Amino acid sequence: MGTQEISFEAFGELVTSIDDGDGDGAARVTARGELDIASSAAFGIELARLIGERGPDVVVDVSGLTFCDARGLAALVAADDLARSRGGAVTLTVPRPQMAKILRLTGLDRRFTPVRTAVR
């Protein structure tokens with residue numbers, strides 16, 4: 001099916017691209033920009049649609065996020081709740097140090113295990 005890019009610029013500065021994955025059954029989402037109160041609802045709806053259409057395992061590359069507030073975290077948690085209710089999970093990959101710190105401080109690093117970090 002290839003890669004599809006979706007821009008939520010009308011809702012903020014978040015751009016995502018969705019890929020079918022690499023054969024492991026997980027859909028892949030790359031998020032770039034700001035995941036905040038302005039973009040989180042649309043992002044959450046898109047993740048829910050993706051889980052419903054392509055299955056409960058989703059890998060979200062958050063390395064391109066420059067900002068994530070509580071609403072952004074809530075959208076990720078809601079997507080993970082939905083994925084888990086269907087036997088899957090949301091996995092976050094390569095968070096920037098600031099995002100990794102937020103996940104650690106909120107305890108969400110344990111929820112999104114394994115959070116894959118960039119090798120430095």
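The first residue in the sequence is number 1, and the count goes up from there. Scope of the values below: all heavy atoms of this structure, side chains included, with no hydrogens, waters or symmetry mates. Keep in mind the model is a prediction, meaning the values are calculated, not measured.
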Notebook entry, point to check: Thr93 side chain to Val59 main-chain N or O, any donor-acceptor pair under 3.5 Å?
Noted result: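 No, Thr93 side chain to Val59 backbone: no donor-acceptor pair under 3.5 Å.
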Next item on the list: Taking Arg86 for its side chain and Pro56 for its backbone only, find out whether a donor-acceptor pair lies under 3.5 Å.
Entry: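 Side chain of Arg86 to backbone of Pro56, a donor-acceptor pair under 3.5 Å: no, none is there.
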Next item on the list: Identify the two heavy atoms, one from Ser40 and one from Ala75, that lie closest to each other, and give their separation to 0.1 Å.
Entry: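 Distance-wise, the nearest heavy atoms are O-CB, 3.7 Å.
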Notebook entry, point to check: For Phe43 and Val29, which heavy atoms make the closest approach, and how far apart are they?
Noted result: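 Minimum heavy-atom contact is CE1-CG1, 4.2 Å.
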Quick one: does [X]'s side chain get under 4.5 Å of [Y]'s, heavy atoms only?
| X | Y | result |
| --- | --- | --- |
| Leu73 | Cys68 | yes |
| Arg84 | Arg111 | yes |
| Arg96 | Thr66 | yes |
| Val90 | Val60 | yes |

Note to self: Less than 4.0 angstrom from a charged side-chain N to a carboxylate O is my criterion; do Arg28 and Asp61 meet it?
What the structure shows: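 Salt bridge absent between Arg28 and Asp61.
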Checklist line | Candidate list Leu35, Leu108, Asp81, test side-chain contact (heavy atoms from CB on, under 4.5 Å), partner Leu76, passing option | finding: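 In the set Leu35, Leu108, Asp81, the residue that makes a side-chain contact (heavy atoms from CB on, under 4.5 Å) with Leu76 is Leu35.
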Checklist line | Criterion side-chain contact (heavy atoms from CB on, under 4.5 Å) against Leu92, the qualifying member of Asp109, Asp80, Val62 | finding: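 Answer after filtering Asp109, Asp80, Val62: Val62.
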Check: Given the rule in the side chain to side chain contact (heavy atoms under 4.5 Å, CB included) test, do Val58 and Thr91 qualify, once you have shown the distances and angles that lead to the verdict?
Finding: CA-CA 6 Å; Val58 178; Thr91 301; over 6 Å; no
Checklist line | Stepwise side chain to side chain contact (heavy atoms under 4.5 Å, CB included) test for Ile37 and Asp69 | finding: CA-CA 7 Å; Ile37 191 169; Asp69 69 6; 3.9 Å; yes
Note to self: Run the side chain to side chain contact (heavy atoms under 4.5 Å, CB included) test on Ile45 and Arg49 for me, step by step, so that the C-alpha distance in whole Å, both residues' side-chain angles and the decisive distance to 0.1 Å come before the verdict.
What the structure shows: CA-CA 6 Å; Ile45 290 168; Arg49 183 194 64 75; 5.5 Å; no
Check: From Met99 CE over to Phe67 CZ, what is the distance, rounded to the nearest 0.5 angstrom?
Finding: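 One gets 10.5 Å once the value is rounded to the nearest 0.5 Å.
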